[in-house]
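Notes for the one structure printed next.
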Amino acid sequence: MPSKRSAAWLAENGAVAALVVLVVALSLLSSDFLSLTNLLNVGVQAAVTAILAFGSTFVIVTGGIDLSVGSVAALSAITLAWTATEGGLPWPAAVVLSLATGVACGLVNAALIAYGKLPPFIATLAMLGIARGLALVISQGSPIAMPEAVSHLGDTVGRFLPIPVLVMLVMGVVAAVILNRTYPGRAMYAIGGNEEAARLSGIKVSRIKLVTYALSGAFAAVAGVVLASRLASAQPQAAAGYELDAIAAVVIGGASLSGGKGRALGTLVGALILAVLRNGLNLLSVSAFWQQVVIGVVIALAVLVDTLRRRGTN
Amino acid sequence: MPSKRSAAWLAENGAVAALVVLVVALSLLSSDFLSLTNLLNVGVQAAVTAILAFGSTFVIVTGGIDLSVGSVAALSAITLAWTATEGGLPWPAAVVLSLATGVACGLVNAALIAYGKLPPFIATLAMLGIARGLALVISQGSPIAMPEAVSHLGDTVGRFLPIPVLVMLVMGVVAAVILNRTYPGRAMYAIGGNEEAARLSGIKVSRIKLVTYALSGAFAAVAGVVLASRLASAQPQAAAGYELDAIAAVVIGGASLSGGKGRALGTLVGALILAVLRNGLNLLSVSAFWQQVVIGVVIALAVLVDTLRRRGTN
Amino acid sequence: GGGGDGLEIGMSVSTLNNPYFVQLRDGAQAQADKLGATLTVTDAQNDASQQVNQVQNFTSQNMKAIILNPVDSDAAAPAVTAAERVDVPVIAVDRGVNGVEVAQTVASDNVAGGKLAAQELARQMGEQGQAVVLQGTPGTSASRDRGRGFEEGIKAFPNIQVVARQPADFDRAKGLDVMTNLLQSHPDVTGVFAENDEMALGAIRALGSRAGKEVKVVGFDGTPHGLTAVKDGTLAATIAQQPKLLGQRAVEAAVKVARGETVEKSVAVPVKVATQQNVAEFETS
Amino acid sequence: MILRAEGLTKSFPGVRALDGVDLSLRPGEVHVLLGENGAGKSTLIKILSGAYRPDDGRVLMDGRPVEIRDAGDARRLGISTIYQEFNLVPELSVAENLSLGRPPRRFGLIDSAAMMRRGGELLDRVGVRVDPRTPVRRLGIARMQMVEIAKALALDARVLIMDEPTAVLTTGEVGKLFEIVRRLRDDGVAIVFITHHLEEIAEIGDRVTVLRDGRSVAEVPAGTSQDELVRLMVGRPIDQQFPRRPAELGEPLLSVRGLTRTGAFDDISFEVRAGEVVGLAGLVGAGRTEVARAVFGADRYDAGEVFVRGRRLPPADVHAAMEAGLGLVPEDRKGQGLVLGADIGENLGLVTLRDATRAGFVDLKGQRAAAARVAGQLGIRMTGLDQEVRTLSGGNQQKVVIGKWLVAEAGVLILDEPTRGVDVAAKVEIYQLVNALTDSGHAVLMISSDLPEVLGMSDRILVMARGRLVGELPAAEATQDGVMALAVTDVAGSRAE
Ligand SMILES: Nc1ncnc2c1ncn2[C@@H]1O[C@H](COP(=O)(O)OP(=O)(O)OP(=O)(O)O)[C@@H](O)[C@H]1O
Ligand SMILES: Nc1ncnc2c1ncn2[C@@H]1O[C@H](COP(=O)(O)OP(=O)(O)OP(=O)(O)O)[C@@H](O)[C@H]1O
Ligand SMILES: [Mg+2]
Ligand SMILES: [Mg+2]
């Protein structure tokens, strides 16, 4: 019964309904919205948030929170650009170093949380400051040009294949596979659902948390590199404040901040909702002052659609 | 046994230990730190964050989160300044209207959360945008001068009584009394500890949530007015990003984001830690880029001191 | 030494998360080193109240003079009052302070700069066509003043139509995204005014090969990357504010007032339009 | 001797939970642990399963000392545990919970098909009919317990520890569980079995170790008489296990008419009169809990009415129900009954919080005094009213749940599995309190899966099967067999499976 299954799927992925409503509304309001180019633009604009949000999904599934993703993204990109230009490293080595930076930040977060017993909010808030500060220190506050080879990551192949979208989709699949099909992924759900039960079932909770935050850091590094590639320049101030967007994408996508729930697909939809919304507001030329109001109202409505529908079915 | 009780008190308020360590360290590092004027400065500088954080304490105790406090503070201050200057209202009426604005924002948050079943993160994130946007719309993006009478709230009475500090202390006492001694306060702890058990014990959970977020909005309004009084001008961008500071103060003060825990005194200490830290870094002339790193490290250490000490006693 | 030996000066910069202000600081630092003064720089992170705090902290440190780069001209008054209470002279730099008097204001005029930007953009657009504005963070004084100057300036060109004004928060990535989106609804724009160079550089990425050819982009600040883009021809012009010079002048004044000398009430560092023709003269400053 | 524990000692702040306890397990025996609430039974087995580290003492397996640092170590040693408090992940499916920590993998990835298959097999083994894909949160307490049992069986253990597995099961499931236990015993598995149901000891046990105040006071054969076991455990004999003292009946206080919720219960009508204790019996999943929650206003219903003292209650409004004088002790103490992170005093005062408020301010002193009184009555074993409820033993937690409604003095009290996990002596205390309630004209509706309790304490017994009321028996005429016969009635057309 494919129809029944797809109905059930929709019921579980209510954010999709909100996205569809939003897309239909914008298509009616703006004739420019529903063009292939514009939709690809939306995809590109969603990419960085989505990649950050995939990383945050791991964390939120375990019941944690990662406020440092934006800063870690900036630090990773600055690391890449700095080692490749000032440091004279070949770019593949710089890329590896950049990913390692992201992972290292994640591991520090996890160590503080798992061994230092810090609340995730505090540990990652500290890292938010530390990573941003280091990015500023390394770059001396000025943007650094990205190596030519890497910044192709921001390009569009042919007319219709923006690489950021490709990277986003690949990272999404990776996140989905990790969450659904691997041992650490399933253990994340168990920890988020009932940490004590997970521990008593023999899951090494601390170790899984290390994996979780390391993944979040790695995804942040990828997001940072994609962002810097789009701009051809790594900026110390890049992705500031993106952590709230990333968390919002995950929560709009159906996850709960108390843990145990969340899916990569939902997160993707959440990130698309945010990107579609911002794109639409630009197309409709909503005034700067009103934009924030409209974004707020639409986010609330989008999630409201979801919760009300879910209540209807229950 | 006063000594035993005070030891127990310290054990429960571990943040105090961190604050003491910080103060001692800064006194040794900088000769300017331990002067009365400087300490009063620290108090004034902590005031706005502390008042916001008292409001957030209610919310966090119920297991919620309020991201909108900074924006609501700005909107309330703008409302006051605008109605008093452009609107020609007498200032006491403008003050009342400003508080009402804060309460209204809180009630909208609560309605979305309690009746719309939105996650608090999403509802208050939406309000973050909406309130900020409305502040910009009302003010047309420009600061508005505060009425003379109100801006005395930013003054210092005599040499040693800065009014912001006074307001902070009064609001702290109000918060403590509400949390410890009143029905809504006790109900907040129950809801944060186990919402279902609270409901089955006859607590009207939705109504208490209305009270909770309305209080948070009212405290935000007070914070906004104090901030605007210090600057003698209400700014649409005021207190942007303060929500993370407020939450950090509450969590550093010993509350848990999963609810059921948190005290007004702890929150005050948390806000003081943040203010002392920023003040100290200025006095020590730490370079701007390194400051963020140092703040991050010290926040992590401060809470680490607390958790390790607590583990020691267990 | 230039007579400023060991003199302690505090400087509160509105934000260091922007290359423009980093240069402002660098100019000030260089001058302080030259004069032998000790400069302490703090970053107010675009938060007016944090700036008041920093000035208060300077007074506790017994600074002999304070250089204030206001986050907001109106909201800076209490900071100045705090310093005056303990008789520490204040030099305002880049933005003025409204409501109270400071020893000297070293500034270049954002409103005038906005006007210049309008004129230069109009000139390069051939005084006709559609233009869009990328606005800075709503509610900040830089966005307000530059926007106002631009609107005033562009009025003189009736054949230029401003078809959209959208915020991109002074951020390069947002400049890229917002420009991309605007190109969907307004594919025929031939002019872009960005309220800072960062957004302008983002817009240039969005425009791709059209930047500098069909579409003229004018930025603001004259940051090194902005000037490079001007040299390359992708950025049509930037309103160069000579931030290093601002910083330099401010320190000079601070050292003077700290020694009790009198200084002029205001020093204007001119804003200049940097275009491909004259860009060379800016790169050294 | 497969496992020996020697001199195990464990202290928590303010209590010495274990004080030099010895325990020896032989292969192929069912070793019963007996003791009052808070005697240290759970603490002892948590040391064996790696959840706690002992302060002192050691554990030997096959004569060699072993270190059990965490659940993984215990598993490697072949020790499998069913904890008193469930350790299930509510959001995950039954199948996934069953293979928690050791999912079947293929090429490094989780093999969901194999996981479902394995889950299905395990559920069959314990005889629970439930789709392995169902999220655990949708199961009632009883079926969660069966899933816990299945989960423990998933590991082919040499030592199987079961902490009060029968507390929430009805006779049917208990029978099934005992079959499983006997089969394992015959295969040579050593089984530690904790229960407060004394009659189960002779039926399933081989040896009994009695704990009192954290010390092992005796090791006796399972055939020891119940009176003797009680004396060992409590230190004094208990005169009467079910001291029901019928009271004079008055007006109907609670009347339920035609209450229906599609898929859960259908056309439920009954009355409870002042001074009366009505028992509600049935198999697990019969829908008793659902009815109780609907009556109390905790859940909505589709049709029917509820009256208290003749006044109709608005549906799904707990507050109104409480105002009218209803009270509910829920079956899930952890999920619905307690604020685990709050202290005992606070939990005991929760229900009366509103009444203790004057002009917005709570009379904290009065609250404390009332709490202290009730805690004394129920004999809650605690270091003080400010002890966190989380750190109480299971039975003492249950006493707190009941206690908070005793403080409230509700006119009609609905008790859902009230004595779950409560020791024999404390049970009698609770029964006395029920008597006192009915003496003063209150009414009690008691749901219990413990048939002797229903028979012993009710004046009248209602029996539910598959969401319907299928019979009513006066207590005097009711027998276990009579109730069971009704409980398995196949009600045509009701409640789809
Ligand atoms: N984490 C803890 N912190 C403090 N005290 C604890 C903790 N765990 C258990 N205790 C105390 O240890 C004692 C023994 O508890 P335990 O759970 O072993 O009792 P039990 O014999 O299993 O009782 P029950 O029959 O009620 O389940 C109790 O007094 C309890 O309050
Ligand atoms: N055989 C079954 N088929 C379908 N659902 C069932 C079945 N058994 C139990 N349930 C569901 O499980 C939950 C109840 O589980 P539980 O085992 O606690 O029994 P109950 O319905 O609460 O009644 P009781 O208190 O009589 O045991 C309910 O949601 C019920 O609908
Ligand atoms: Mg126990
Ligand atoms: Mg039940």
Side-chain angles (χ1 to χ4, degrees), chain A residues 63 65 67-68 71 108 112 116-123 125-141 236 240-241 243-245 247-248 251-252 255-259 287-304 306-308 310-311, chain B residues 63 65 67-68 71 108 112 116-123 125-141 236 241 243-245 247-248 250-252 255-259 287-304 306-308 310-311:
Chain A
I65 196 165
L67 297 173
S68 69
S71 299
V108 172
L112 289 172
K117 304 286 171 215
L118 289 199
F121 187 92
I122 293 294
L125 182 70
M127 182 54 74
L128 177 149
I130 295 171
R132 181 70 64 193
L134 290 178
L136 286 165
V137 169
I138 296 176
S139 66
Q140 288 303 312
E243 57 279 351
L244 288 189
D245 267 16
I247 299 170
V251 177
I252 293 174
S256 154
L257 285 182
S258 45
S287 101
F289 298 158
W290 282 105
Q291 282 205 8
Q292 310 204 32
V293 179
V294 177
I295 292 179
V297 170
V298 176
I299 287 180
L301 283 181
V303 184
L304 209 54
D306 188 16
T307 58
L308 292 184
R310 214 175 292 180
R311 232 192 312 182
Chain B
I65 195 166
L67 298 174
S68 69
S71 299
V108 171
L112 289 172
K117 303 287 171 214
L118 289 198
F121 187 92
I122 292 293
L125 182 69
M127 183 54 75
L128 178 149
I130 294 171
R132 181 70 63 193
L134 290 178
L136 287 165
V137 169
I138 294 175
S139 66
Q140 289 302 312
E243 57 278 354
L244 289 190
D245 266 15
I247 300 170
V250 179
V251 177
I252 292 173
S256 152
L257 284 183
S258 45
S287 101
F289 295 157
W290 282 106
Q291 282 207 8
Q292 309 203 32
V293 178
V294 177
I295 291 179
V297 171
V298 176
I299 288 181
L301 283 182
V303 183
L304 208 54
D306 187 16
T307 57
L308 292 184
R310 212 174 295 180
R311 233 191 312 179

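In what follows, chains carry the letters A, B, and so on, assigned in the order in which the sequence lines appear, proteins first and then strands, with residues in each chain numbered from 1. Computed over heavy atoms, backbone and side chain alike; hydrogens, waters and symmetry mates excluded.
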Exercise. Which one of A:Val297, A:Ile65, A:Ile247 has the most heavy-atom pairs closer than 4.5 Å to chain B?
Worked result: A:Ile247
Seminar exercise, completed: Closest heavy-atom pair, B:Leu125 versus A:Ala248, reported as atoms and distance to 0.1 Å, is CD2-CB, 3.4 Å
For this session: Would you name the heavy atoms of B:Gln292 and A:Leu136 that are closest together and state the gap between them?
Result: NE2-CD1, 3.4 Å
Exercise. Which atoms of A:Leu301 come close to chain B, meaning under 4.5 Å heavy atom to heavy atom: side chain ones, backbone ones, both, or neither?
Worked result: neither
Exercise. Which atoms form the tightest heavy-atom contact between A:Val251 and B:Pro119, and what is the distance?
Worked result: CG1-CG, 3.7 Å
For this session: Mind ranking A:Gly133, A:Gly141, A:Ala288 by heavy-atom pairs under 4.5 Å with chain B and telling me who comes out on top?
Result: A:Gly133
For this session: With sequence neighbours left out, write down each residue that passes side chain to side chain contact (heavy atoms under 4.5 Å, CB included) with B:Ala300, or none if nothing qualifies.
Result: A:Leu112, A:Leu118, A:Ala126
For this session: Heavy-atom distances under 4.5 Å only: say whether A:Leu304 touches chain B with side chain, backbone, both or neither.
Result: both
Exercise. Of the backbone (N, CA, C, O) and the side chain (C-beta and beyond), which part of B:Gln140 lies under 4.5 Å from a heavy atom of chain A, both, or neither?
Worked result: both
Exercise. To the nearest 0.5 Å, how far apart are CG in B:Leu257 and CG in A:Leu257?
Worked result: 9.0 Å
Exercise. With sequence neighbours left out, what residues match B:Ala131 under side chain to side chain contact (heavy atoms under 4.5 Å, CB included)?
Worked result: B:Ser71, B:Val72, B:Leu75, B:Met127
For this session: Between chain A and each of B:Leu128, B:Val298, B:Val293, count heavy-atom pairs under 4.5 Å; write down the option with the most.
Result: B:Val293
Problem set entry | A:Leu134, part contacting chain B, at a heavy-atom distance under 4.5 Å | both
For this session: With a 4.5 Å cut-off on heavy-atom pairs, point out which of A:Ile299, A:Leu244, A:Leu67 contacts chain B the most.
Result: A:Leu244
